[in-house]
Amino acid sequence: MGRDLAALRSWAADRNLPPFRAAQVHHGLYRRLATSPGELTDLPRALREQLDLEVRLSDLRVVHEVSDSSGQTTKALFALQDGALVESVLMAYGGRDIRRRHTVCLSSQVGCALACTFCATGRQGWARDLTVGEMVEQILYFARLLRTRGEQVTNIVYMGMGEPFLNYDAVLESVRLLTDPDAFGLGARHITISTSGVVPAIQRFARENLQVGLAVSLHAPDDALRSTLVPLNRRYPLAEVLDACEEYIARTHRRVSFEYTMLEGVNDGVEQAEGLARLLRGMLCHINLIPWNRVDDMPYHPSSPLVISDFRDRLVEYGLAATIRDTRGSGISAACGQLRTSTIRDRKGARPLPVV
């Protein structure tokens with residue numbers, strides 16, 4: 001899975017097949033959402049049998065699927081071909097009387113190497129990057145699920161397991177497939193990539209000439225605190241992260257979304273609110289305040305709704321756009337920071353951060 005039309009045409013040419021056969025397979029994958037060659041009934045039977053032997057249309061196998069009590073959030077556990085596991089989440093917004101939005105939060109890595117202290121995925125550690133096909137197939141799985149209800153995927157966020165910008169090339173190739181009008185065809189403005197602050201990748205992303213959104217996880221207004229919460233800050237401190245964001249804004253004329261997880265007594269005080277406001281004042285940005293979602297064996301508590309509201313109001317007083325995220329799926333461990341497929345951190349999974 002994850003093959004673009006050029007790759008399929010090359011595959012067809014190697015077998016002396018006309019180019020339109022490649023287009024038929026491509027259409028079957030991304031428009032008809034086929035899961036096996038047998039579903040590509042516009043192809044001759046012999047070619048379907050050949051495809052069945054040579055091409056794998058799906059890189060994932062669903063191990064478990066669960067929805068919360070509201071039916072608005074569904075989490076799927078996928079097994080990859082090598083036995084690795086990842087989780088992805090589908091979230092619905094809006095009532096039945098209006099057109100609902102359906103956002104897929106997809107994973108880009110098996111685990112995560114960044115070890116943010118409040119995140120379950122970070123505690124798990126990193127095993128490997130996901131391939132283009134493994135990322136795209138997460139979207140196609142939920143697209144098939146929604147099609148049975150007469151609905152469709154409307155938004156994608158690369159905010160699941162892993163740091164997307166440490167798998168930069170594959171993530172960008174998956175974005176191009178998902179936005180290709182001849183493939184999945186989702187508008188680029190309906191996609192957001194989140195990063196914990198991989199500065200060279202933010203700079204590179206600014207030059208991609210894409211309309212894809214950028215979200216940057218801050219979680220603290222100063223280096224001392226941020227380095228304890230997000231160890232990546234020791235390599236790329238706040239000043240460098242914000243300079244890269246300013247470059248992104250200057251090149252793209254698009255605002256940056258800053259993510260800020262609210263931890264009781266850690267980063268939710270008046271001093272932190274005013275420090276964050278001074279840090280971001282004048283920047284074209286939006287701040288998402290995220291109530292921390294509980295994870296077993298972590299020494300944190302979520303800030304109270306009153307504290308979060310006061311924090312937001314202080315940011316607004318400084319002229320910043322700030323909202324409180326409507327978190328979904330905490331009851332099924334599907335909310336932000338809760339995705340995990342192992343309870344033991346694999347120290348073998350540690351790796352040096354690459355030059356992007």
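Just so it is clear, the values below take in all heavy atoms, side chains as well, and ignore hydrogens, waters and symmetry mates. Every value quoted in this text rests on a predicted model; they were computed, and no experiment measured them.
Using modelled atom types and a 3.5 Å distance limit, the side chains of T195 and Y158 yield no donor-acceptor pair. Of the N and O atoms on the side chains of S67 and T74, at least one donor lies less than 3.5 Å from an acceptor on the other residue. Looking only at atom types and distance, the side chain of T341 has a donor-acceptor partner in the side chain of Q124 under 3.5 Å away. For the residue pair E151 / H102, a side-chain donor-acceptor distance below 3.5 Å is found, with atom types taken as modelled. Between the side chains of E259 and S217, no donor-acceptor pair of N or O atoms lies under 3.5 Å. At a cut-off of 3.5 Å, with distance as the only test, a side-chain donor of Q109 or D129 sits close to an acceptor on the other residue.
When hydrophobic clusters are built by joining Ile, Leu, Val, Met, Phe, Trp and Tyr residues whose side-chain heavy atoms come closer than 4.5 Å, directly or via intermediates, V307 is not grouped with Y260. Transitive grouping of hydrophobic side chains (ILVMFWY, heavy atoms separated by less than 4.5 Å) keeps F311 and I290 in distinct clusters. Note on V89 and V62: same hydrophobic cluster, where clusters join Ile, Leu, Val, Met, Phe, Trp and Tyr whose side-chain heavy atoms are under 4.5 Å apart, directly or indirectly.
Of the possible donor and acceptor atoms, none in the side chain of E87 sits under 3.5 Å from a partner among the backbone N and O of F78. Looking at D68, its side chain does come within 3.5 Å of a backbone N or O of Q72 through a donor-acceptor pair. Although no hydrogens or angles enter the test, the distance criterion places a donor-acceptor pair under 3.5 Å between the side chain of R226 and the main chain of L218. In this structure, R325 contributes its side chain and L289 its backbone to no donor-acceptor pair below 3.5 Å. In this structure a side-chain-to-backbone donor-acceptor pair under 3.5 Å is present from S107 to M161. With hydrogens and angles ignored, the 3.5 Å screen pairs no side-chain donor or acceptor of R123 with any backbone N or O of A115. A donor-acceptor distance shorter than 3.5 angstrom exists from the side chain of N267 to the backbone of T261, with no hydrogens or angles considered. Panel note: side chain D52, backbone G38; no donor-acceptor pair is recorded below 3.5 Å.
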Could you go through the side chain to side chain contact (heavy atoms under 4.5 Å, CB included) check for Q203 and E240 one step at a time? CA-CA 10 Å; Q203 295 168 330; E240 293 183 23; over 6 Å; no
Run D182 and Y30 through side chain to side chain contact (heavy atoms under 4.5 Å, CB included) and show every step you take. CA-CA 8 Å; D182 293 322; Y30 294 106; over 6 Å; no
Report the C-alpha distance between R32 and D42 in whole Å, list the side-chain angles of each, state the deciding distance to 0.1 Å, and finish with yes or no for salt bridge (Lys or Arg N to Asp or Glu O under 4.0 Å). CA-CA 11 Å; R32 294 170 59 187; D42 51 345; 3.1 Å; yes
Step by step, would you call L106 with I139 a side chain to side chain contact (heavy atoms under 4.5 Å, CB included)? CA-CA 7 Å; L106 68 81; I139 303 301; 3.4 Å; yes
How far apart are the C-alpha atoms of L229 and F118, what are their side-chain angles, what is the distance that settles it, and do they pass the side chain to side chain contact (heavy atoms under 4.5 Å, CB included) test? CA-CA 7 Å; L229 299 174; F118 51 86; 4.0 Å; yes
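Nearest heavy atom pair, residue A22 against residue A12, reads CB-CB, 4.2 Å. Shown here for C245 and V216, the closest heavy-atom pair between the two residues is SG-CG2, 3.8 Å. Pairing each heavy atom of D59 with each of E137, the nearest pair is N-CG, 4.1 Å. Between V175 and V212, the shortest heavy-atom distance links the atoms CG1-CG2, 3.7 Å. Shown here for V295 and A120, the closest heavy-atom pair between the two residues is CG1-CB, 3.8 Å. Across all their heavy atoms, A76 and Y141 have their closest contact at CB-CE2, 4.1 Å.
Q211 places none of its side-chain heavy atoms less than 4.5 Å from the side chain of T179. Residues V256 and L284 have side chains not in contact (no heavy-atom distance under 4.5 Å, counting atoms from C-beta outward). The shortest distance between side-chain heavy atoms of R15 and Q50 falls below 4.5 Å. For the pair P302 and R294, the minimum side-chain heavy-atom distance is below 4.5 Å.
A salt bridge does not link R251 to E208: none of the charged side-chain nitrogens sits closer than 4.0 Å to a carboxylate oxygen. Under a 4.0 Å N-O distance rule, the pair D82/R128 qualifies as a salt bridge. Salt-bridge formation is detected for the pair R314/E274: a Lys NZ or Arg NE/NH1/NH2 atom is positioned less than 4.0 Å from an Asp or Glu carboxylate oxygen. The pair D169-R204 counts as a salt bridge, with a side-chain nitrogen and a carboxylate oxygen less than 4.0 angstrom apart. The residues D14 and R9 are annotated as not salt-bridged, no charged nitrogen and carboxylate oxygen being separated by less than 4.0 angstrom.
Taking the ring centre of Y318 as origin, the terminal cationic atom of R281 falls outside the region bounded by 6.0 Å and 45° from the ring axis.
Partners of T323 under the side chain to side chain donor-acceptor pair (under 3.5 Å) rule, at least two apart in sequence or in another chain, are H286, N288.
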